[in-house]
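Please read these numbers as outputs of a predicted model, since none were measured by experiment.
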Amino acid sequence: AVSSSFFANRPVEWSLLQSQGNNFFQQLVKIDQTDRFGNIIQQTRQNDMTQSWLWDYNGTLPVAQVLNAPIAEVAYSSFESEATGNFSSIPFGFRISSDCRTGRYSYELSGGALVKSGLNSSKTYIVSFWSKTGATVSVNKLATVASEINVKDWKYTELQVSGVST
């Protein structure tokens with residue numbers, strides 16, 4: 001069975017229920033949030049972690065799936081479209097096609113910082129990115145390097161960041 005509630009003709013919560021006999025239903029999955037296209041952007045399974053998705057290309061393709069994080073704490077961009085991927089903003093004029101590691105575009109850091117607000121300062125987050133070898137990238141003074149991999153003239157970095165809300 002499926003239960004739902006609506007606001008302005010749009011679903012605000014969905015649940016997948018399983019019959020346990022004697023008219024008792026057990027909730028298996030709760031769809032916590034959908035986007036303006038009706039795509040699931042956050043769900044929670046019974047006794048399991050939260051799953052979140054970011055969609056792009058006018059809501060037609062999922063571009064990121066994140067486990068164990070609510071959508072409010074997730075940000076991602078490939079810089080391929082005008083979508084911000086949950087960052088505060090990404091100036092489109094600083095997306096460049098002449099030098100990129102994956103896809104068709106990269107972001108020129110002179111365009112300004114990429115900012116994700118609304119984080120929980122009691123949690124630890126993973127921030128990952130590709131940068132040109134030798135480039136100076138400042139993420140946060142509290143960040144610690146978890147891993148780095150060099151591929152040709154690019155470097156992949158994963159950082160652990162904690163104690164921040166932005």
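When atom types are taken as modelled, the side chain of S121 and the backbone of V164 share no donor-acceptor pair closer than 3.5 angstrom. A donor-acceptor contact shorter than 3.5 Å links the side chain of S106 to the backbone of D99.
Applying the salt bridge (Lys or Arg N to Asp or Glu O under 4.0 Å) test to K123 and every residue at least two apart in sequence or in another chain returns E73. Residues passing the salt bridge (Lys or Arg N to Asp or Glu O under 4.0 Å) test with E80, sequence neighbours excluded: R104. Partners of Y105 by ring pair (Phe, Tyr, Trp, His ring centres under 6.0 Å), not counting sequence neighbours: none found. Listed by chain and residue number, S88, T166 satisfy the side chain to side chain contact (heavy atoms under 4.5 Å, CB included) test with S117 (two or more places apart in sequence, or in another chain). Judged as a side chain to side chain contact (heavy atoms under 4.5 Å, CB included), and not counting sequence neighbours, the contacts of S110 are F94, E108. For Y76, the ring pair (Phe, Tyr, Trp, His ring centres under 6.0 Å) criterion is met by no residue, not counting sequence neighbours. Shown here are the side chain to side chain contact (heavy atoms under 4.5 Å, CB included) partners of A113, two or more places apart in sequence or in another chain: V115.
Side chains of Q51 and Q65 form a contact here, defined as non-hydrogen atoms less than 4.5 Å apart. Residues V74 and L54 have side chains in contact (heavy-atom distance under 4.5 Å, counting atoms from C-beta outward). Inter-residue side-chain proximity for V161 and T124 is flagged as unmet; no heavy-atom pair is nearer than 4.5 Å. I71 is listed as a side-chain neighbour of N86, based on a closest heavy-atom distance under 4.5 Å. C100 has its side chain out of reach of W130: every pair of non-hydrogen atoms, C-beta onward, lies at least 4.5 Å apart. You'll find the side chain of S162 stays beyond 4.5 Å of the side chain of Y125, heavy atoms only.
Within the structure, side chain to side chain donor-acceptor pair (under 3.5 Å) contacts touching residues 53-64 (residues at least two apart or in different chains) are D56-S81. The salt bridge (charged side-chain N to carboxylate O under 4.0 Å, His left out) pairs that include a residue from residues 42-52 number zero, where partners must be two or more places apart or lie in different chains.
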Before giving the answer on side chain to side chain contact (heavy atoms under 4.5 Å, CB included), spell out for V137 and L109 the whole-Å C-alpha distance, their side-chain angles and the decisive distance to 0.1 Å.
CA-CA 8 Å; V137 178; L109 290 174; 3.9 Å; yes

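Side-chain contacts under 4.5 Å among hydrophobic residues (ILVMFWY), followed directly or transitively, place I96 with no other residue at all.
For the atom pair CD of Q42 and NZ of K30, the computed distance is 8.5 Å after rounding to the nearest 0.5 Å. Interatomic distance, Q33 CD to T44 OG1, rounded to the nearest 0.5 Å: 9.5 Å. The line from OG of S52 to CD1 of I41 is 8.0 Å long, rounded to the nearest 0.5 Å.
Nearest heavy-atom pair across S89 and T84 is CA-CG2, 4.0 Å. Closest approach of T50 to P70, counting heavy atoms only: CG2-CA, 4.1 Å. In terms of heavy atoms, A72 sits closest to K116 at O-NZ, 2.8 Å. Closest approach of Y107 to G111, counting heavy atoms only: OH-C, 3.1 Å.
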Tell me which donor-acceptor pairs under 3.5 Å the side chains of residues 145-158 have, and how far apart each pair is, sequence neighbours excluded?
{"residue": "D153", "atom": "OD2", "partner": "K132", "partner atom": "NZ", "Å": "2.6"}
{"residue": "Y156", "atom": "OH", "partner": "E158", "partner atom": "OE2", "Å": "2.8"}

